[in-house]
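Note that the structure is predicted; figures quoted are calculated from it, not measured.
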Amino acid sequence: MPRRMLTPHKSVFSYSRPPKWLNGPITMNSARCGYRVFSANSSAVCMELAKKITERLGVELGKAVVYQETNGETRVEIKESVRGQDIFIIQTIPRDVNTAIMELLIMAYALKTSCAKNIIGVIPYFPYSKQSKMRKRGSIVCKLLASMLSNAGLTHIITMDLHQKEIQGFFNFPVDNLRASPFLLQYIQEEIQDYRNAVIVAKSPDAAKRAQSYAERLRLGLAVIHGEAQCAELDMADGRHSPPTVKNTTVHPGLGIPMMIAKEKPPISVVGDVGGRIAIIVDDIIDEVESFVAAAEILKERGAYKILVMATHGILSADAPHLIEDSSIDEVVVTNTVPHEVQKLQCSKIKTVDISLILSEAIRRIHNGESMSYLFRNITMDD
């Protein structure tokens, strides 16, 4: 059966004009040799971002073969010399997260044993970033992954919009946590008509800081959804109630330790005016979309006439495309940090913003020993 070729989707926005904060002199072509760019993905769909980055840099992808053997093991073969060079491994994370991690680890170790000078991982969406806190008797998997990457040979990481900025402390080497917000802000200004009549919405109090950052930069109003419909990540058990409480236990009367009052969320409410406006919900990750769909219904009831969802990482797992298609959400805008072409075929509301420009510039600056501060201009601690 012949393979079906996917044509590029019309809803991919790649700005020929960079954002205002990236208007400095940029020379993308490598002025001198000494670095290579590899893709650690075995899937052709996941290599699209790597191809865009190398096109902007004016270099070719490094020669390597990454594939899965019949027994499920991952094999990586480097097909050219990397001795004494800076190596950048671009790894986008598909649905099969664990396979992608093994591909990255094995390629990094292969490059390390091939005497590469520096091995820099370009991981736009860092996996397991939501597992960065202790949950009951679980583990901090994000810390484990950081240790594995270090042991495999990575010396530096470029990523984008970590779920928690404190994750950078898990690594014993430099981490550059880039921001996608300048590209999303530019999308709002150039692609949304009458965006001055919009209001930025946080779907929970936890997302209020991010929403406030967007609102202040666009000079727009802010609204926050709060109430029992939300399930905040901070409310989950963190393992400090261990060992588990036992019924009918006798407490020493002399201790007098007061019991923590159980939380009870108030009825759902929207703090802020959204009536007759465009509501733009912002977040860093959109994966399971039930909470976004519920927020859109509430905003529609409060009078918002158009509802958009904007996020850096569009994982969109399970039935997310169908739920979005049947919801009150008018448009979902995400970047191409995660491949989601299949989801776009299932839902016409999903739009993509290309962020290969900032990743390619970060690669160029790191290899040339230039300052990275230019890419973080006007970014504050709360962003």
Side-chain angles (χ1 to χ4, degrees), residues 72-74 91 93-106 108-109 121 123 125-152 154 157 159-173 175 177 202-210 226-266 283-292 294 311-313 315-320 338:
E73 293 182 357
T74 299
Q91 181 69 324
I93 306 299
R95 290 190 176 186
D96 191 355
V97 177
N98 295 328
T99 297
I101 291 173
M102 284 305 300
E103 290 171 347
L104 176 59
L105 291 171
I106 295 173
Y109 190 68
I123 314 171
Y125 168 65
F126 195 81
Y128 288 98
S129 58
K130 286 189 174 182
Q131 298 190 44
S132 58
K133 298 178 181 179
M134 182 64 71
R135 303 298 183 205
K136 294 184 178 179
R137 291 166 188 80
S139 60
I140 305 177
V141 183
C142 195
K143 168 62 176 173
L144 171 64
L145 181 55
S147 300
M148 293 167 64
L149 292 172
S150 177
N151 292 334
L154 264 68
I157 277 183
T159 187
M160 181 165 283
D161 282 334
L162 286 170
H163 186 57
Q164 299 287 344
K165 291 189 288 293
E166 293 77 10
I167 291 174
Q168 297 175 78
F170 293 162
F171 296 87
N172 56 7
F173 51 74
V175 177
N177 182 27
K203 70 179 180 68
S204 70
D206 295 336
K209 279 189 177 181
R210 183 182 300 272
H226 178 56
E228 60 186 5
Q230 302 301 319
C231 180
E233 181 184 353
L234 297 179
D235 293 339
M236 298 174 64
D238 61 1
R240 282 176 282 191
H241 301 291
S242 181
T245 56
V246 181
K247 293 182 179 180
N248 300 325
T249 55
T250 302
V251 180
H252 194 282
L255 294 179
I257 300 175
M259 183 178 293
M260 177 62 74
I261 301 174
K263 287 185 177 181
E264 183 177 346
K265 293 190 177 182
D283 212 334
D284 61 330
I285 299 173
I286 176 168
D287 187 0
E288 297 176 350
V289 298
E290 285 81 0
S291 60
F292 291 93
T312 303
H313 310 295
I315 302 175
L316 303 169
S317 58
D319 294 329
V338 178

Participant: Short question: side chain of S147, backbone of K143 - any donor-acceptor pair under 3.5 Å?
Facilitator: yes
Participant: Looking at CG of L162 and CD1 of I167, how far apart are the two atoms once the value is rounded to the nearest 0.5 Å?
Facilitator: 5.0 Å
Participant: Does some side-chain heavy atom of H226 sit less than 4.5 Å from a side-chain heavy atom of P266?
Facilitator: yes
Participant: Any idea which heavy atoms bring P127 and I123 closest together, and the distance?
Facilitator: CD-CG2, 4.1 Å
Participant: Rounded to the nearest 0.5 Å, how far does NZ of K130 lie from CZ of R135?
Facilitator: 11.0 Å
Participant: Under the salt bridge (charged side-chain N to carboxylate O under 4.0 Å, His left out) test, which residues partner K165, sequence neighbours left out?
Facilitator: none
Participant: Which heavy atom in Q91 sits nearest to a heavy atom in A100, and how many Å separate them?
Facilitator: NE2-O, 2.6 Å
Participant: If you measure from CG on D283 to NZ on K203, what distance do you get to the nearest 0.5 Å?
Facilitator: 5.0 Å
Participant: Please enumerate all residues that pass side-chain contact (heavy atoms from CB on, under 4.5 Å) together with S317, with sequence neighbours excluded.
Facilitator: D287, E288, I315
Participant: Side-chain contact, heavy-atom cut-off 4.5 Å: D284 with Y125?
Facilitator: no
Participant: Can you check whether T312's main-chain N or O pairs, donor with acceptor, with D161's side chain at less than 3.5 Å?
Facilitator: no
Participant: Side chains of L144 and S139: closer than 4.5 Å at any heavy-atom pair?
Facilitator: no
Participant: According to ring-ring contact (aromatic ring centres under 6.0 Å, His included), who are the partners of F173, at least two apart in sequence or on a separate chain?
Facilitator: F171
Participant: With a 4.5 Å limit on heavy-atom distance, are the side chains of I285 and S129 in contact?
Facilitator: yes
Participant: So how far is it from L104 CG to I93 CD1, rounded to the nearest 0.5 Å?
Facilitator: 7.0 Å
Participant: State, to 0.1 Å, how close M134 and I140 come at their nearest heavy-atom pair, and which atoms those are.
Facilitator: N-CG1, 4.0 Å
Participant: May I ask you to test the F170-V175 pair for a side-chain heavy-atom distance under 4.5 Å?
Facilitator: no
Participant: Just how far is it from atom CD of E290 to atom CG of D319, taken to the nearest 0.5 Å?
Facilitator: 8.5 Å
Participant: As an exercise, state the distance from CG of D96 to CG of N98, rounded to the nearest 0.5 Å.
Facilitator: 6.5 Å
Participant: Quick check against the 3.5 Å criterion: does H313 have a side-chain atom that pairs as donor or acceptor with the backbone of F126?
Facilitator: no
